[in-house]
There are 2 protein chains.
Amino acid sequence: MKVDVSTPKTRRVTLADVAAASGVSKTAVSLILNNRPDSRISEQTAARVRQTANDLGYRPNLAAQSLRFGKTRTLGFISEQVTVTRFASGMITGILRAAKQHDHTVLMAETFGEEPELRQAIAQMSHREVDGLILGFMDSRLRELPGLESEVPVVLVNGHDTQPRTCIMPDEFAAGSTVAHRLQQAAITRVALIGTHRRATLHPESYPSITRRFAGLTQALAAEGIGITGQWELEDWNPSDGFTATRAMLAGNQPPQALICANDRVAMGAYQALAEHGLRPGIDMPVISFDDEDIAAYLRPALTTVRLPYEQMGEKAVELLLGGQLTADEHLVPMPLIERDSLPARR
Amino acid sequence: MKVDVSTPKTRRVTLADVAAASGVSKTAVSLILNNRPDSRISEQTAARVRQTANDLGYRPNLAAQSLRFGKTRTLGFISEQVTVTRFASGMITGILRAAKQHDHTVLMAETFGEEPELRQAIAQMSHREVDGLILGFMDSRLRELPGLESEVPVVLVNGHDTQPRTCIMPDEFAAGSTVAHRLQQAAITRVALIGTHRRATLHPESYPSITRRFAGLTQALAAEGIGITGQWELEDWNPSDGFTATRAMLAGNQPPQALICANDRVAMGAYQALAEHGLRPGIDMPVISFDDEDIAAYLRPALTTVRLPYEQMGEKAVELLLGGQLTADEHLVPMPLIERDSLPARR
DNA sequence: CTGAAAGCGCTTACAG
DNA sequence: CTGAAAGCGCTTACAG
């Protein structure tokens, strides 16, 4: 079916058209449509002009407005990779929602963690004169950000620059107490930690999120009087790592009453190791975790976990960018507990 | 730390600045920088102008160019929901990559499947005069698309309109032969189908992808001489559905040699049911599936599956949009077999 | 071969 | 109270 569906551009209705159609000047139309209070045009004319504008389907040309104002009502979002986990997609959702509320649109770019790509994306967005730039990172490693000398306001999400910047982070430290408290409510007194993170342990300042997650956890567990039977260091946080570590833990002679997993993928591996060992996850061995990725809901029993609040972080970024004065503060966003079925009820 | 990091806008370098700095007219600078061949300016002057432009860090103002040309070098991508599965995020990656290659940027909006949101997003993007619009859908249900009377070229990804449109679909029918052929290579002669889709069975024309997936499958299985021991109809395609169906299948008396699962989530549920039944997925019971979501790689053994080529579909959309004449054709993108560990080797 | 001028669609300071 | 004019930064048809 060779139907040509590329429609030829029909000329758009302009301010001049509205002016002509309603028999007043462009100035008047502009004043009326923008509700300028200073110059009082008769309400009758105003109503008539508004009506014609509406009838004609007039929409101001944004390119013209941008040229006039030097503002584009556009925000840029640059992320490392959108396909991996909920990380970027969650931020996108939050950013889009908040941007829409403020009548802004958002431009996207992906860097795959490569510095030249980042630099190029920043240049491109500055070039398009976005009103603000949001940089999203998958892990919160401290890094030196290139190409940020431009004059556009910047907010970092889930990351830090070596320069002072506005940034938004999940409140990992508080998440630790959330978990410890929930465990206490289930009357659990001995837990195993599957696992810590090798590189983060070696360079804590480079991995603020991971470091805070475990600092919060150990401090809160102690405060709740919950003992740690052991903690397994992992190279990475994939199911296979969780599987191996949990297997090693089960081979030991210090059985815990529950497992705290570093993240949901680790928990998935832990489930597999428990099953292999004849232990029903969540029943014979309660499990709690961090992140709330998609798989958390798919697991059987569904996994109770503390959510990384990507959407809220994205929203917050927009609010800060559009809300006026930007200061080089770190903003913490709370991590909610997502209660599912892998933990005994509170008592 | 209250450092103000909102930098005041320093005036951008304009064409006029370059002209003044190099002692020629704006016309000349424009001609030179755009490599207009017609008017031959001395190569010496040209070089000097290019040099000053570079030194000054001149970048043409896009708003001005847009105003002049009525083109924005911007594409719009509207999707239902970006947080769910790889669906939208994969398309985004493909779209961004292709757009970058053509020196375009992309604007995003999310509709959550709501018609008013869709209508609004389309209006907003037309208003911003995107050069093309990509509409991405999560399931390929036939639907009536509102607000598309605008003059902007449109491509549908993973969906159809009641109007003739350019659209891009995965080649589900061919995927059926891919699966059947792979099974034949593993010397499998009897399979169970977990499961079909109730609504798709009732309204095949509304669910082209699902319908094609199973049509391709049954036809190819027959061609390869592989028998179907049974097929289980599912209300939905989540792990719990796969679990229930597989359990029912296992209770029957027609044991298959392999399972074909409707998608990876169904396969995840099948794994759980198999394990419960003391059967090792992939070893005692080979499994093959469709989609290649994240979980496919996490499962143990990792799942062999036929990938939904979202990235390629996104790329293709951009190519079509920017490649000139748009015709109301359906473009089929091949679905590659992702070989992992849930199927015996080929013989 | 090169420059002055007009115009894309808007807004606003300035006259009338 | 209302309109003509200038200008945002670019490109191109038109004179010189």
Side-chain angles (χ1 to χ4, degrees), chain A residues 9-50 52-53 56-74 103 126-129 131 151, chain B residues 9-50 52-53 56-74 103 126-129 131 151:
Chain A
K9 286 248 177 206
T10 73
R11 213 177 64 78
R12 267 176 70 137
V13 177
T14 82
L15 193 96
D17 298 331
V18 179
S22 45
V24 295
S25 73
K26 293 193 302 167
T27 308
V29 178
S30 175
L31 257 25
I32 292 165
L33 263 26
N34 292 304
N35 296 311
R36 285 276 169 285
D38 39 342
S39 154
R40 246 176 305 146
I41 293 164
S42 81
E43 191 40 59
Q44 191 182 331
T45 333
R48 184 163 44 90
V49 169
R50 261 188 272 272
T52 12
L56 263 42
Y58 170 70
R59 311 249 47 200
N61 178 316
L62 279 174
Q65 287 188 320
S66 299
L67 186 55
R68 188 73 235 277
F69 291 130
K71 290 256 169 207
T72 53
R73 303 196 77 76
T74 302
D103 193 27
S126 315
H127 177 200
R128 298 200 92 108
E129 302 204 77
D131 297 335
E151 67 273 34
Chain B
K9 287 246 175 206
T10 73
R11 211 179 64 76
R12 266 176 70 139
V13 177
T14 82
L15 194 96
D17 296 332
V18 179
S22 44
V24 297
S25 72
K26 293 196 300 168
T27 307
V29 177
S30 175
L31 256 26
I32 291 164
L33 263 27
N34 292 304
N35 296 310
R36 285 277 166 286
D38 39 340
S39 153
R40 245 176 306 147
I41 293 164
S42 82
E43 191 39 60
Q44 193 180 331
T45 331
R48 185 162 44 89
V49 168
R50 260 188 272 272
T52 8
L56 263 41
Y58 170 69
R59 309 248 49 200
N61 179 316
L62 278 174
Q65 288 187 322
S66 300
L67 186 55
R68 190 70 236 277
F69 292 128
K71 291 258 167 205
T72 53
R73 303 197 75 77
T74 302
D103 194 26
S126 314
H127 177 199
R128 300 202 89 109
E129 304 205 77
D131 298 333
E151 68 271 35

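In the text below, chain A, chain B and the rest are named by the order of the sequence lines, each starting its count at 1.
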Which string of ( ) [ ] | and . matches DNA chain D, if you list each base 5' to 3' and count Watson-Crick or G-U pairs only when both distances are under 3.5 Å? |||.||||||||.|||
How many whole angstroms separate atom [atom1] of [X] from atom [atom2] of [N]?
X: A:E43; N: D:dC1; atom1: CD; atom2: P; answer: 13 Å
X: A:L33; N: C:dC10; atom1: CG; atom2: C1'; answer: 12 Å
X: A:D17; N: C:dC8; atom1: CG; atom2: C1'; answer: 13 Å
X: A:K71; N: D:dC8; atom1: NZ; atom2: C1'; answer: 15 Å
X: A:R59; N: C:dC10; atom1: CZ; atom2: P; answer: 11 Å
X: B:L67; N: C:dG9; atom1: CG; atom2: P; answer: 7 Å

One pair to check against side chain to side chain contact (heavy atoms under 4.5 Å, CB included): A:N61 and A:T14. What are the steps and the verdict? CA-CA 8 Å; A:N61 178 316; A:T14 82; over 6 Å; no
Interatomic spacing from CD in A:Q65 to OG1 in A:T72 - rounded to 0.5 Å: 11.5 Å
Which heavy-atom pair separates B:A63 from A:S66 by the least distance, and what is that distance?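 B:A63 and A:S66 have their closest heavy atoms at CB-CB, 3.7 Å.
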Heavy atoms only: give me the nearest B:H127-A:R12 pair and the separation to one decimal.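 Looking at all heavy atoms of both residues, the closest pair is O-NH1, 3.3 Å.
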A:Y58 and side chain to side chain contact (heavy atoms under 4.5 Å, CB included): which single residue from A:V29, A:L33, A:V49, A:D17 fits?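 Testing A:Y58 for a side chain to side chain contact (heavy atoms under 4.5 Å, CB included) against A:V29, A:L33, A:V49, A:D17 leaves exactly one candidate, A:L33.
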What is the per-nucleotide protein-contact pattern of nucleotides 11-16 of chain D, from the 5' end, where B denotes a base atom under 4.0 Å from a protein heavy atom, S denotes such proximity for sugar-phosphate atoms only, and - denotes neither? BBB---
Any donor and acceptor pair, going by atom type alone, linking the side chain of B:S30 with main-chain N or O of B:K26 inside 3.5 Å? no
Donor + acceptor pair across side chains of B:S126, A:R59 (<3.5 Å):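 Side-chain D/A pair, B:S126 to A:R59: absent.
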Go through B:E129 and A:L62 one step at a time and tell me if the side chain to side chain contact (heavy atoms under 4.5 Å, CB included) criterion holds. CA-CA 8 Å; B:E129 304 205 77; A:L62 279 174; over 6 Å; no
